[in-house]
Amino acid sequence: MAVLADAEIKQALNGLTGWQQSGEAIQRVFEFPDFKLAMQFVNKVADAAEQANHHPDIDIRYNKVTMSLVSHDSGGVTQRDVRMAERINQIAG
């Protein structure tokens, strides 16, 4: 899959609430009232990632979950990452 140019990434991020470019990836930090709700969110994302066969890098710090997306096999952000970010936002509500 083709890597998006910086301008294409910026355009895609305009429609992705909370996401930003971070190096070669896009990422968003989600915050929850407690650890248990954070983990429920992570588990829902894991199910969606398995269905899409596209897995985010996930960092969990108590009630804060950072999701990072990059298509490692393509060497940067692709439409696959944008679609997964949209799905993660839907899960977050």
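This chain uses plain numbering: 1 for the first residue, then up along the sequence. Only heavy atoms go into these numbers, but all of them, side chains included; no hydrogens, no water, no symmetry mates.
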*What do you reckon, is CD of E31 surrounded by more than 12 foreign heavy atoms closer than 6.0 Å?*
yes
*Heavy-atom donor-acceptor pair, N63 side chain to F32 backbone, under 3.5 Å*: yes
*Measure across A85 and I26 and return the closest heavy-atom pair with its distance rounded to 0.1 Å.*
CB-CD1, 4.0 Å
_The test is side chain to side chain contact (heavy atoms under 4.5 Å, CB included); show your working for I58 and T66 and say whether it passes._
CA-CA 6 Å; I58 304 171; T66 302; over 6 Å; no
*Are a donor atom and an acceptor atom from the side chains of Q27 and D57 found within less than 3.5 Å of each other?*
no
*Residues two or more places apart in sequence or in another chain: which of them pass side chain to side chain contact (heavy atoms under 4.5 Å, CB included) with T17?*
N89
_CA sep, side-chain torsions, deciding dist, call: V82, L4, side chain to side chain contact (heavy atoms under 4.5 Å, CB included)_ = CA-CA 10 Å; V82 173; L4 300 177; 4.0 Å; yes
*Using the test salt bridge (Lys or Arg N to Asp or Glu O under 4.0 Å), find all partners of R61 that sit at least two apart in sequence or belong to another chain.*
D59
_Contact check, side chains of F30 and M67, non-hydrogen atoms, under 4.5 Å_ = yes
*Distance in Å, R87 CZ paired with D47 CG, rounded so as to fall on 0.5 Å steps*: 9.5 Å
*Answer yes if V65 and M39 sit in the same cluster of Ile, Leu, Val, Met, Phe, Trp and Tyr residues linked by side chain heavy atoms under 4.5 Å apart, and no otherwise.*
yes
*Shortest non-hydrogen contact between V70 and A25, atoms and distance*: CB-CB, 3.9 Å
*More than 12 non-hydrogen atoms from neighbouring residues, nucleotides or ligands closer than 6.0 Å to CD on E86, yes or no?*
yes
*Is there a path of hydrophobic side-chain contacts, each under 4.5 Å between heavy atoms of I, L, V, M, F, W or Y residues, that connects W19 with V42?*
yes
*Atom NE2 in H54, atom NE2 in H72: separation rounded to 0.5 Å?*
8.0 Å
*Minimum heavy-atom distance between A48 and I91, given as atom pair plus value*: CB-CD1, 3.7 Å
*Kindly compute the distance separating CZ (F41) from CD1 (I60), expressed to the nearest 0.5 Å.*
10.0 Å
*Are M84 and H55 side-chain neighbours, meaning at least one heavy-atom pair lies under 4.5 Å?*
no
_Looking at T78, is its backbone amide N or carbonyl O close enough to the side chain of D81 to form a donor-acceptor pair, meaning the two atoms are under 3.5 Å apart?_
yes
*Calculate, to the nearest 0.5 Å, the distance between atoms CD and CG belonging to Q21 and L13 respectively.*
6.5 Å
*Would you confirm whether E8, through its side chain, and A5, through its main-chain N or O, come within 3.5 Å as a donor-acceptor pair?*
yes
_Can you tell whether the side chains of R80 and D73 come within less than 4.0 Å, N to carboxylate O?_
yes
_hydrophobic_cluster_shared for V45 and V29, side chain cutoff 4.5 Å_ = no
*Spatial distance of atom CZ (R83) from atom CG (L16) [nearest 0.5 Å]*: 12.0 Å
*Heavy-atom distance under 4.5 Å between the side chains of V77 and E24, does that happen here?*
no
